[in-house]
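Presented below is the structure to which this report refers.
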Amino acid sequence: DTEVTQTPKHLVMGMTNKKSLKCEQHMGHRAMYWYKQKAKKPPELMFVYSYEKLSINESVPSRFSPECPNSSLLNLHLHALQPEDSALYLCASSQAGTGSNQPQHFGDGTRLSIL
Amino acid sequence: AQSVTQLGSHVSVSEGALVLLRCNYSSSVPPYLFWYVQYPNQGLQLLLKYTSAATLVKGINGFEAEFKKSETSFHLTKPSAHMSDAAEYFCAVSSFGNEKLTFGTGTRLTIIP
């Protein structure tokens, strides 16, 4: 069982739909991350939140909109996605402010398919 | 700038044989190094980490890795492979003050019965 919970596990949506991915952790971590992972590739960082503030945006298209409502929750809002956005979306969390020597803990991801 | 290179995108070993997965890093500052494992349809699970304490690091499931600064390496080993070790393995690097974790391209480990 992972300590980072992601919902839904699978999502199929059309290019005009609006949907959200959710991530929750109760480890007291104050840094949270979104990654995109294509098949047979390593995860690619999308966003980093540190103490509920967006600290890194890796030039992600605006059709992806992150939100961190509180220290335990992280959302990724999706709108007008393209077929190439189909991928596994992973959420991770870690202790913040410790010089990044703390490991990131990953959820099992949401497998997203864009029709 | 930081990066890791994983030599061998696919490694096959017989059950009971030594597992050796290679990782070399590049970092302009002292690195923090991690090995993660990913089973099919799952997220990444931390195997072990190096954060400037002991150079020989023991992890879960019988894996260990040795940090060698002179060789800029952090290879992952396990004395005896088990069928359940079949998975994708990622080496990753970060550094002090850098929130980003940079992953290698991954090594798929196959265990031959």
Side-chain angles (χ1 to χ4, degrees), chain A residues 1-7 9-10 21 23-25 27 29-51 53-59 87-112, chain B residues 2-6 8-11 21 23 25 27 29-54 57 59-60 63 65 67 74 87-110:
Chain A
D1 289 343
T2 57
E3 297 169 313
V4 177
T5 303
Q6 291 187 242
T7 56
K9 293 189 183 302
H10 302 276
L21 309 185
C23 175
E24 188 169 4
Q25 58 88 14
M27 294 179 283
H29 291 167
R30 301 303 296 274
M32 296 187 77
Y33 311 78
W34 279 117
Y35 290 87
K36 174 183 178 181
Q37 186 180 27
K38 301 286 276 185
K40 302 185 189 304
K41 298 290 187 183
E44 299 173 27
L45 183 65
M46 300 174 72
F47 303 103
V48 180
Y49 273 84
S50 181
Y51 296 98
K53 294 189 187 305
L54 184 64
S55 59
I56 295 179
N57 177 341
E58 290 288 275
S59 302
L88 181 68
Y89 288 84
L90 294 166
C91 174
S93 70
S94 70
Q95 293 184 27
T98 54
S100 70
N101 64 347
Q102 294 301 314
Q104 295 181 21
H105 297 252
F106 287 80
D108 282 339
T110 293
R111 188 161 299 282
L112 176 65
Chain B
Q2 56 189 30
S3 66
V4 288
T5 300
Q6 292 185 241
S9 60
H10 195 173
V11 171
L21 304 183
C23 174
Y25 70 90
S27 178
V29 296
Y32 303 132
L33 294 160
F34 307 85
W35 273 101
Y36 285 88
V37 61
Q38 186 174 30
Y39 299 101
N41 300 314
Q42 293 187 22
L44 279 68
Q45 180 182 5
L46 179 72
L47 280 176
L48 47 81
K49 65 177 183 179
Y50 167 77
T51 57
S52 75
V57 181
I60 62 171
F63 285 94
F67 174 74
F74 190 58
E88 188 83 22
Y89 291 79
F90 292 100
C91 182
V93 63
S94 69
S95 56
F96 183 82
N98 187 349
E99 293 174 304
K100 294 177 65 172
L101 188 62
T102 302
F103 288 92
T105 51
T107 297
R108 179 167 297 276
L109 177 64
T110 299

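The chains referred to below are lettered A, B, ... by the order of the sequence lines, with proteins before strands, and numbering in each begins at 1.
Atom CZ of Phe90(B) is separated from atom NZ of Lys41(A) by 10.5 Å, given to the nearest 0.5 angstrom. Atoms NZ and CD, from Lys40(A) and Glu88(B) in turn, are 8.0 Å apart once rounded to the nearest 0.5 Å. Here the CG-CD distance, from Asp108(A) to Gln45(B), works out to 9.5 Å after rounding to the nearest 0.5 Å.
Taking both residues in full, the closest heavy atoms of Gln104(A) and Leu101(B) are given as NE2-CB, 3.6 Å, listed atom of the first, atom of the second, then distance. Of all non-hydrogen atoms in Leu90(A) and Gly43(B), the two that sit nearest each other are CD2-CA, 3.9 Å. What you find for Leu88(A) and Gln42(B) is that their closest heavy atoms are CD2-O, 4.3 Å. Minimum heavy-atom separation, Gly104(B) to Pro42(A): O-CB, 3.2 Å. When all heavy atoms are compared, the tightest approach of Phe103(B) to Pro43(A) is CD1-O, 3.8 Å.
Looking at Gln37(A), only its side chain comes within 4.5 Å of chain B, counting heavy atoms on both sides. Of the two parts of Tyr50(B), neither the backbone nor the side chain holds a non-hydrogen atom closer than 4.5 Å to a non-hydrogen atom of chain A. With a 4.5 Å cut-off on non-hydrogen atoms, Leu44(B) touches chain A through its backbone and its side chain both. Gln6(A) does not touch chain B: none of its heavy atoms, backbone or side chain, sits under 4.5 Å away.
Residue His10(A) places its NE2 atom among 12 or fewer non-hydrogen atoms of other residues, nucleotides or ligands, all under 6.0 Å distant. In this structure, Lys9(A) places its NZ atom where only 12 or fewer heavy-atom neighbours from other residues, nucleotides or ligands lie under 6.0 Å away.
When side chains are defined from C-beta on, Arg111(A) counts as touching Asn41(B), because their heavy atoms get closer than 4.5 Å.
Phe63(B) pairs by the ring pair (Phe, Tyr, Trp, His ring centres under 6.0 Å) definition with Tyr89(B), not counting sequence neighbours. Remark: Tyr33(A) pairs with no residue by the ring pair (Phe, Tyr, Trp, His ring centres under 6.0 Å) rule, at least two apart or across chains.
Taking chain B as the reference chain and counting heavy-atom pairs below 4.5 Å, the highest number among Cys91(A), Ser55(A), Gly109(A) is found for Ser55(A).
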